[in-house]
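Down below is the structure, laid out as C-alpha cells.
This chain uses plain numbering: 1 for the first residue, then up along the sequence. All figures in this text were calculated on a predicted structure; none of them were measured in a lab.
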Amino acid sequence: MDEIINKILSKNAEFDDYLKLYDLDLHILGEIAYKIREEKYDRKVFFNINRHINPTNICKDICKFCAFSAHRKNPNQYIMSIEDCVKIAKDSYKKGAKEVHIVSAHNPEVGYDYYMNIIREIKKEVPYIHIKAFTAAEVNFLSELSNKSYEEVLDDMIEAGVDSMPGGGAEIFDESIREKICKGKVNSQNWLKIHKLWHIRGKKSNATMLFGHIENRAHRIDHMLRLKKLQEETNGFNAFIPLVYQRENNYLKVEKFLTGVEILKTVAISRIILENIPHIKAYWPTFTLNLALVAQEFGADDIDGTIEKESIQSAAGANSKKGLDMEELIYQVKDAGFIPVERDSLYNELKIYK
C-alpha cells in the first residue's frame, strides 16, 4: 500500500499502480483523499445558485444510457422557443441564480442559429448571468450540422456569450465502450480536442465521467489519466464530475447497481489521481444529497447547486426534478459538519455560511 501511494504521490506511477488503488480499504483511500482535500479547502463545501435549461429533447443520437432524449417516436417531444428560454433565465436571475446551465439534445430540425440565438438573447436580456453551455458532444454536433470547424463553432459560442463549458458527453473515453453505449456521438479524441481548443481560447470547462454501467475499473482509470494529461497541457478544467449512472427508462439494461463503497472509492481515487484539477464535484442529482455529503469526506469539495429544475438525470430515476431549496442545502451541509460556501461558476467565493 505504502509503495503504491508513494509512487502515485511522487508521480512515478504506472497504469497498474493506479488500478491497484481500488484494492485498498475504503477508509485508507478516504484518509488519503481527504488530506488532499483538506489542504486545499479545509472543511468548505462549494455550491452555486444555478438553473438548468434544456431547450429541446429531440435527438438524432441514440445513447443507450439516456432517458432524456426523445427518439423512437417518443410522444413527449418538445422544442422550447427562444423567448421561453430567455424568460426562464430572467426569472431565475431575479430569484438569485448566478448561472444558467444550458445543455440540450442534438436536434437537427431547429438549425444552428437556434442554439446560438438562445445564448445571444439570454446574454442580451440578462447580461450579468454566467452562461455555461454546450457540451463537447453538442459542439461536435453543431460542427457537423453547420459544416463549420470546431474552432469556428467555439468562436461563435464566445461571440454569442457563452462563458464556460460543461463537462458532459465524456461518458467513458474507451472507444469499445462508446461503441456500445453512445455510438455516433463525439469520440473521445475529439471530446478532448474540443476542450483543448476551448482552453486555448482562455476559457474554463468541467469534465465528467459516467460510471457504473458496463465499464470496468480500468476504463475509469484510463479516463482519469487522459484528463490529467490534458490538464497538464492547458490547466483549463475547473472541476472533475464523476456521474453515477442512473438505470431507469433507458436501453442499457444494467442489472447490478454500484455500491456506495464503489462510488466513494471512485471519488477518492479521482481526488488522488487528479491533483491538478482543482475541484471534485459530487453531483447530488446522481449521488443523492446524502451520499454527496458523505463524498466530501472522501475527497469531493463541491455538490453543484440548487439547479431549480433538472430534467436529464431525473428522467432516468434521480430524485432531482425540482432542484434543491438553498436553505435546505445549506442546512444539510452544516449538519454534516462542513462549511457551506456559495461560489460563482469559476469558483470565486461569494458567501461563507459559518
Side-chain angles (χ1 to χ4, degrees), residues 48 50-63 65-71 77-82 84-86 88-89 92 97-108 110 112 114-123 129-145 153-154 156-157 160-171 182 185-186 191 194-195 198 203-210 237-246 250 281 283-286 304-316 318 320-321 323 345:
N48 68 344
N50 60 344
R51 167 66 194 245
H52 284 210
I53 302 176
N54 309 114
T56 176
N57 69 343
I58 300 171
C59 194
K60 75 173 186 64
D61 292 320
I62 304 175
C63 297
F65 61 82
C66 183
F68 168 71
S69 65
H71 46 253
Q77 297 180 359
Y78 74 83
I79 300 171
M80 294 171 60
S81 69
I82 293 173
D84 284 342
C85 293
V86 172
I88 290 170
S92 296
K98 309 295 192 303
E99 171 194 290
V100 284
H101 178 122
I102 302 173
V103 172
S104 198
H106 306 163
N107 186 349
V110 295
Y112 182 83
Y114 169 81
Y115 291 91
M116 295 300 166
N117 285 336
I118 288 172
I119 307 301
R120 194 170 285 112
E121 292 303 314
I122 289 176
K123 187 60 81 171
I129 203 162
H130 183 102
I131 299 178
K132 182 162 67 180
F134 303 153
T135 67
E138 289 172 278
V139 171
N140 181 75
F141 159 69
L142 291 170
S143 172
E144 293 174 347
L145 183 66
V153 174
L154 294 173
D156 286 348
M157 287 165 52
V162 175
D163 297 299
S164 66
M165 273 179 60
E171 321 316 353
C182 56
K185 202 173 192 176
V186 64
W191 189 100
I194 288 165
H195 280 266
W198 185 249
K203 298 292 188 177
K204 294 289 188 178
S205 66
N206 292 334
T208 61
M209 177 183 74
L210 183 68
F237 289 121
N238 269 330
F240 173 66
I241 311 165
L243 298 171
V244 180
Y245 165 73
Q246 306 296 301
N250 63 55
K281 182 186 294 187
Y283 184 57
W284 69 262
T286 71
D304 199 75
T306 53
I307 294 175
E308 195 172 334
K309 182 179 179 181
E310 197 282 322
S311 300
I312 295 176
Q313 303 299 334
S314 58
S320 54
K321 187 172 184 178
S345 302

Considering all heavy atoms of both residues, which atom of [X] and which atom of [Y] are nearest to each other, and what is their separation?
X    : Y    : value
G167 : H195 : CA-CE1, 4.5 Å
L154 : I194 : CD1-O, 3.8 Å
V103 : P166 : CG2-CG, 4.0 Å

Can you find a heavy atom in the side chain of [X] that is under 4.5 Å from one in the side chain of [Y]?
X    : Y    : answer
I53  : M80  : yes
D304 : H52  : yes
K98  : N48  : no
Y283 : T208 : no
E138 : S104 : yes
H106 : L145 : no

Can you tell me how far [atom2] of [Y] sits from [atom1] of [X], rounded to the nearest 0.5 angstrom?
X    : Y    : atom1 : atom2 : result
M209 : I241 : CE    : CD1   : 11.5 Å
W284 : T306 : CH2   : OG1   : 8.5 Å
I102 : I119 : CD1   : CD1   : 4.0 Å
N238 : K204 : CG    : NZ    : 5.5 Å

Those residues that, when tested against N107, pass side-chain contact (heavy atoms from CB on, under 4.5 Å) (two or more places apart): T56, I58, I79, E109, V110, Y115

What residues form a ring pair (Phe, Tyr, Trp, His ring centres under 6.0 Å) with W198, not counting sequence neighbours? none

Would you confirm whether E144, through its side chain, and F141, through its main-chain N or O, come within 3.5 Å as a donor-acceptor pair? no

Checking W191 side chain against G168 main chain: does a donor-acceptor pair fall under 3.5 Å? yes

Residues that K203 engages under side-chain hydrogen bond (donor to acceptor under 3.5 Å, both in side chains), provided they are two or more places apart: none

Given side chain to side chain contact (heavy atoms under 4.5 Å, CB included), test Y78 with N54 step by step and report yes or no. CA-CA 10 Å; Y78 74 83; N54 309 114; 3.6 Å; yes

Side chain to side chain contact (heavy atoms under 4.5 Å, CB included) between K132 and N50, worked out: CA-CA 10 Å; K132 182 162 67 180; N50 60 344; 5.9 Å; no

Under the criterion side-chain contact (heavy atoms from CB on, under 4.5 Å), which of I131, I118, V100 is the partner of K123? I131

Could you walk me through whether M157 and M116 pass side chain to side chain contact (heavy atoms under 4.5 Å, CB included), step by step? CA-CA 7 Å; M157 287 165 52; M116 295 300 166; 3.7 Å; yes

